[in-house]
Amino acid sequence: MAAAAALAEADPPPAMPQAAGVGGSTARRDFYWLRSFLAGGVFSALRAVPQKEGYLGLYKGNGAMMIRIFPYGAIQFMAFEQYKTLITTKLGISGHVHRLMAGSLAGMTAVICTYPLDMVRVRLAFQVKGEHTYTGIIHAFKTIYAKEGGFLGFYRGLMPTILGMAPYAGVSFFTFGTLKSVGLSHAPTLLGRPSSDNPNVLVLKTHINLLCGGVAGAIAQTISYPFDVTRRQMQLGTVLPEFEKCLTMRETMKYVYGHHGIRKGLYRGLSLNYIRCIPSQAVAFTTYELMKQFFHLN
């Protein structure tokens, strides 16, 4: 899934003569052959990757993803609580707005701290069989550091990531918090139950938590997705033939929109990301709520 998602969000393939002109190698032609399948949608992508890479190809980059997701999730939810308290006490802002602000700041904080791992994950996921630039996570770190400007090479595409993460995380926390408060206010018996650590506090039932988290993830992903496409395009860097046309966020968005429009450009691969992000956000928010009860934070 990681490989399919990375490929689905990449720039669509040019005509085959152009591909041959870029490199001319069999591996390069295979690269475009694989990407051409992804234009057909989610199921075409899930069929094409195993055909060319084997079923393990669907999990390329998953090691870096797993290493990244632990600190990312911990930093994001911890920072959210800290920012929420800070905004309420220092700025005097409460209600739904403070969730939006705190969520945006928490998302940006988590991204900045874990971005190098995300860069390596995308590079590993995008490799095509027969043309492996990186042999693993450590080798990818060493190669990017040596060939792409040292430490700054790991932060290529950071700006569109931050600009995309601010609305994504902000809307996620805002939507989940709003659905939770509205649900418990209007249908406490149907949707809620007493918290295990504090019977005086109502919390959502587990299946309602999952539903609210999934809805929050879908809405946030839709709003921020063009920035995600821009980020992936910039992260891939020299892997793509059109590298020189995508050096900045503005150039990259202009290139993608100019060549492929909105639906097939800025929102390319969105359906695949729904399949990935909706259950991911549903589980993340549900786990977050359960852990608050487990550690007696209610």
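FYI, side chains are in, hydrogens and waters are out, and symmetry mates aren't considered; it's all heavy atoms of this structure. Residues: numbered from 1 along the sequence shown. Predicted model only: the values in this text are computed from it and were never measured.
- A 4.5 Å side-chain heavy-atom check between Leu266 and Tyr225 finds every atom pair outside the cut-off.
- Annotation: the span from Arg250 atom CZ to Thr230 atom OG1 amounts to 13.0 Å, rounded to 0.5 Å.
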If you apply the rule salt bridge (charged side-chain N to carboxylate O under 4.0 Å, His left out), what do you find for Asp197 with Lys292, and how did you get there? CA-CA 9 Å; Asp197 65 320; Lys292 284 169 65 178; over 6 Å; no
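- Contact of the Thr88 side chain with the Ile93 side chain is not registered, since no non-hydrogen atoms from C-beta on lie closer than 4.5 Å.
- In terms of modelled atom types and a separation under 3.5 Å, the side chain of His260 and the main chain of Val256 share no donor-acceptor contact.
- By the side-chain hydrogen bond (donor to acceptor under 3.5 Å, both in side chains) test, Ser196 pairs with Gln293, sequence neighbours left out.
- Judged by distance alone, with hydrogens and angles left aside, the side-chain atoms of Thr143 form no donor-acceptor pair with the main-chain N or O of Ala140 at under 3.5 Å.
- Of all heavy-atom pairs between Ser104 and Ala166, the closest is OG-O, 2.8 Å.
- Expressed to the nearest 0.5 Å, how far NE2 of His207 lies from SG of Cys212 amounts to 10.0 Å.
- Between Met249 and Leu163, the closest side-chain pair of non-hydrogen atoms falls below 4.5 Å.
- Of all non-hydrogen atoms in Cys277 and Gln221, the two that sit nearest each other are SG-CB, 3.7 Å.
- At least one side-chain heavy atom of Glu289 sits less than 4.5 Å from a side-chain heavy atom of Phe176.
- Between Glu251 and Tyr255, the closest side-chain pair of non-hydrogen atoms is not below 4.5 Å.
- Applying the 6.0 Å contact sphere to CG of Leu91 captures more than 12 heavy atoms from other residues, nucleotides or ligands.
- A centroid separation of less than 6.0 Å is found between the aromatic rings of Phe154 and Phe141.
- In this structure, Tyr155 OH and Thr161 OG1 are separated by 11.0 Å, a value rounded to the nearest 0.5 Å.
- Both Val111 and Phe151 belong to a single network of hydrophobic side chains, linked directly or stepwise wherever heavy atoms of I, L, V, M, F, W or Y lie under 4.5 Å apart.
- In this pair, Phe285 and Phe173 present their aromatic rings perpendicular. The plane angle is above 60°, beyond the 30 to 60° band.
- Cation-pi geometry between Arg263 and Tyr267 is not satisfied (NZ or CZ under 6.0 Å from the ring centre, within 45° of the ring normal).
- Under the side-chain contact (heavy atoms from CB on, under 4.5 Å) criterion, Leu191 pairs with Ala187, Leu204, Ile208, not counting sequence neighbours.
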Exercise for the section: Run the numbers on Arg123 and Glu148 for salt bridge (charged side-chain N to carboxylate O under 4.0 Å, His left out), then give the verdict. Expected result: CA-CA 13 Å; Arg123 292 291 182 91; Glu148 299 188 31; 2.8 Å; yes
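- Put simply, CE on Met165 and CE on Met108 are 10.0 Å apart, with the number rounded to the nearest 0.5 Å.
- Minimum heavy-atom separation, Ile223 to Pro167: CG2-CB, 4.3 Å.
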- Item | Check against ring pair (Phe, Tyr, Trp, His ring centres under 6.0 Å), Phe227 and Tyr168 | CA-CA 10 Å; Phe227 291 105; Tyr168 178 79; over 10 Å; no
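- For NZ of Lys205, the number of neighbouring non-hydrogen atoms (other residues, nucleotides, ligands) closer than 6.0 Å is greater than 12.
- Val171 and Leu211 fall within the same hydrophobic cluster, where Ile, Leu, Val, Met, Phe, Trp and Tyr residues are linked whenever their side-chain heavy atoms come under 4.5 Å apart, directly or through other members.
- Considering only heavy atoms from C-beta on, Arg193 stays 4.5 Å or farther from Leu202 through its side chain.
- The side-chain hydrogen bond (donor to acceptor under 3.5 Å, both in side chains) check on Thr222 picks up Tyr274, with sequence neighbours excluded.
- For Asn198, there are no side-chain hydrogen bond (donor to acceptor under 3.5 Å, both in side chains) partners at least two apart in sequence or on another chain.
- In this structure a side-chain-to-backbone donor-acceptor pair under 3.5 Å is missing from Thr175 to Ala216.
- Closest of all the heavy-atom pairs between Val229 and Gly265 is CG1-O, 3.7 Å.
- Residues Arg121 and Asp118 meet the side-chain proximity criterion, which asks for heavy atoms closer than 4.5 Å.
- Separation of atoms CE (Met291) and OG1 (Thr286) is listed at 11.0 Å; rounding is to 0.5 Å.
- Atom CZ in Arg68 sits 11.5 Å away from atom SG in Cys113 (nearest 0.5 Å).
- The heavy-atom pair separating Met253 from Pro226 by the smallest distance is CE-CB, 4.3 Å.
- Sequence neighbours left out, the pairs with a member in residues 105-116 that pass side chain to side chain donor-acceptor pair (under 3.5 Å) are Tyr83-Thr109, Tyr115-Gln235.
- Using a 4.5 Å cut-off on side-chain heavy atoms (C-beta onward), Arg231 and Met159 make no contact.
- Linking ILVMFWY side-chain heavy atoms closer than 4.5 Å, directly or via other members, places Tyr72 and Met78 in two distinct hydrophobic clusters.
- Judged as a side-chain contact (heavy atoms from CB on, under 4.5 Å), and not counting sequence neighbours, the contacts of Phe70 are Met66.
- Residues Leu86 and Leu297 do not share a hydrophobic cluster, defined by chaining ILVMFWY side chains whose heavy atoms lie under 4.5 Å apart.
- Here the closest non-hydrogen pair linking Ser185 and Ser181 is OG-O, 2.6 Å.
- Cluster membership for Ile278 and Leu179, using ILVMFWY side-chain heavy atoms within less than 4.5 angstrom, is not shared.
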Audit row: Ile87, Leu105, side-chain contact (heavy atoms from CB on, under 4.5 Å) steps and yes/no:
CA-CA 11 Å; Ile87 291 169; Leu105 291 170; 4.3 Å; yes
